[in-house]
Q: 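Please read through the structure below; I'll follow up with questions.
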Amino acid sequence: MTKNNSKTIRYRGRFAPSPTGQLHFGSLVAAVGSYLEAKTHGGEWFVRIENVDTPREVLGASNDILRTLEYLGMNWDGGVVYQSQRGALYQEAIHSLTQLKLTYPCTCTRKEILDSSIMGIIGPIYSGTCRQAQTSHKTGALRIRTDDRSIWFEDAIQGHVAQHLESDTGDFVLRRADGVFAYQLAVVVDDAVQNITHVVRGEDLLGSTPRQIYLQQLLGYPVLNYMHLPVVTNRDGKKLSKQTFATSVDLSKAVPQLMTALYFLGQTPPVEMLKSDLSTFWQWALGNWQVTQIPRSNHDFIDGSTQEK
Ligand code: GLU
Ligand code: ZN
């Protein structure tokens, strides 16, 4: 038996950026964290472009992200997966959930939803008006019924996380009225189809994970291992994104920016490395990566990569 075949479960990680802009410091941290976790476990690291919400996609952004990863020396395994090409897989999953009699069409307007909503942990939650309606509508959004069970998992950094979906998040959307599949559904189907074993991503998605585990359970998929990294916020405490004017990664300062990402994740690359090349950087990072040093949150981190307007 060869060395690779002797392990039945191999680490398969992924980085799943949404192409709504160029790679910025916040997404760089998620890329570096997921890459180092995969590679230090002798695993594979895949890149999936999460462009399921095509109207929000920015032209050229996915190519830009991929070229930046390549330039930085983060080489992915296999081909890049694009969610925009996977509608049939998502539809198949919806079909299975519908057979379980767990989906229903929701024809409520945005205003009706807000007027009847109750407060959950992620904001106002849908009150379930259309749950009982038994409409035969083919239009509208498609929602999944939630229930009062506790869904919990142990996050490798954030610890124990539990939610009662019915009261915490409410019945959620699988497919929007405009036909766009919801992130929660697409991510679950893709992680399963790609045989992902470990998810390393930003802590802003921690509250979505119980909904994803719920779908995994219903669809008979394996439940994954989760690690939610601290997220990068700007000086106002807002997550870095295009909306908060995060600047994109500056390729002329590749090593300093990668080092900043490592510092953010609690690692301690020596300052002298600022002047070294990318291969020396990766050698150090792969040899010295310590998960136990990653902070749960990093609110005090002063990030020089945000522009203030
Ligand atoms: N596409 C999501 C984002 O860019 C990440 C999804 C995930 O890692 O599950 O925020
Ligand atoms: Zn409704």
Side-chain angles (χ1 to χ4, degrees), residues 12-35 37-38 45-54 56-58 61-62 65 69 80-84 86 103-117 124-135 137 139-145 155 170-177 181-192 194 196 198-213 215-216 224-229 231-232 239-244 246:
R12 288 171 68 95
R14 84 316 190 264
F15 172 54
S18 305
T20 52
Q22 295 175 320
L23 199 73
H24 55 74
F25 184 69
S27 35
L28 179 68
V29 166
V32 168
S34 60
Y35 177 80
E37 263 298 280
W45 184 69
F46 299 91
V47 173
R48 179 170 74 230
I49 298 292
E50 299 216 315
N51 59 350
V52 71
D53 191 352
T54 27
R56 280 191 61 219
E57 181 165 5
V58 172
S62 38
I65 293 171
L69 292 173
V80 175
V81 163
Y82 292 84
Q83 285 189 328
S84 56
R86 296 160 77 82
T103 62
Y104 63 90
C106 169
T107 49
C108 298
T109 61
R110 203 175 282 262
K111 184 171 182 317
E112 283 167 338
I113 292 175
L114 272 181
D115 287 350
S116 65
S117 68
I125 65 172
Y126 180 61
S127 65
T129 317
C130 297
R131 231 193 210 206
Q132 316 302 345
Q134 303 277 348
T135 56
H137 283 290
T139 55
L142 192 72
R143 286 186 189 267
I144 181 131
R145 268 172 196 276
D155 187 83
D171 293 354
F172 55 97
V173 171
L174 299 176
R175 193 182 56 220
R176 295 188 334 212
F181 295 100
Y183 156 71
Q184 307 293 358
L185 177 79
V187 77
V188 163
V189 171
D190 287 333
D191 283 339
Q194 292 187 273
I196 299 300
H198 291 73
V199 172
V200 178
R201 61 185 175 193
E203 183 243 340
D204 53 311
L205 291 166
L206 192 66
S208 289
T209 308
R211 272 170 286 170
Q212 295 174 13
I213 293 175
L215 292 179
Q216 285 160 0
L224 312 177
N225 299 286
Y226 288 97
M227 177 185 288
H228 287 84
L229 304 171
V231 294
V232 184
K239 187 196 161 199
L240 280 197
S241 68
K242 210 179 57 175
Q243 285 73 30
T244 56

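In listed order, ligands and their atoms are each counted from 1.
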Q: At less than 4.0 angstrom from any non-hydrogen atom of Leu205, what atoms of ligand 1 do you find?
A: 5 (C), 6 (C), 7 (C)
Q: Distance under 4.0 Å to a non-hydrogen atom of Val187: what atoms of ligand 1 satisfy this?
A: 9 (O)
Q: Between Glu112 and Asp115, is a side-chain contact (heavy atoms from CB on, under 4.5 Å) present by the stated rule, with each step listed?
A: CA-CA 5 Å; Glu112 283 167 338; Asp115 287 350; 5.8 Å; no
Q: So between His228, Gln83, Glu50, Arg201, whose heavy atom ends up nearest atom 6 (C) of ligand 1?
A: Glu50
Q: Return yes if a side-chain donor-acceptor contact under 3.5 Å exists between Gln212 and Tyr183, otherwise no.
A: yes
Q: Side chains of Thr139 and Pro105: closer than 4.5 Å at any heavy-atom pair?
A: no
Q: Phe15: what forms a ring pair (Phe, Tyr, Trp, His ring centres under 6.0 Å) with it, not counting sequence neighbours?
A: none
Q: Please identify which atoms of ligand 1 are closer than 4.0 Å to at least one heavy atom of Ser18.
A: 1 (N), 2 (C), 3 (C), 4 (O)
Q: Based purely on interatomic distance, does Pro17 place a nitrogen or oxygen under 3.5 Å from a nitrogen or oxygen of ligand 1?
A: no
Q: May I ask whether Arg14 places a heavy atom under 4.0 Å from ligand 1?
A: yes
Q: Got a sec, which residues hit side-chain contact (heavy atoms from CB on, under 4.5 Å) with Ile213, two or more places apart in sequence or on another chain?
A: Ile151, Phe153, Thr209, Gln216, Gln217, Val223, Tyr226
Q: What protein N, O or S atoms come within a distance below 2.8 Å of the Zn ion (ligand 2), ordered by chain and number?
A: Cys106 SG, Cys108 SG, Tyr126 OH, Cys130 SG
Q: Enter the distance from Arg211:CZ to Ile144:CD1 here, rounded to the nearest 0.5 Å.
A: 12.5 Å
Q: For Glu57, is there any backbone N or O sitting under 3.5 Å from a side-chain donor or acceptor partner on Asn51?
A: no
Q: Carefully, step by step, assess Leu215 and Leu174 under the rule side-chain contact (heavy atoms from CB on, under 4.5 Å).
A: CA-CA 10 Å; Leu215 292 179; Leu174 299 176; 4.1 Å; yes
Q: Using side-chain contact (heavy atoms from CB on, under 4.5 Å) as the criterion, list what pairs up with Gln194, not counting sequence neighbours.
A: Phe46, Arg48, Val81, Arg86, Asp190, Ile196
Q: Give the contacting part of Asp204 toward ligand 1: side chain, backbone, both or neither, where contact means a heavy-atom distance below 4.0 Å.
A: neither
Q: Do His198 and Arg12 have a side chain donor and acceptor closer than 3.5 Å?
A: no
Q: Using a 4.0 Å heavy-atom threshold (strictly under), name the region of Tyr183 that reaches ligand 1: side chain, backbone, both or neither.
A: side chain
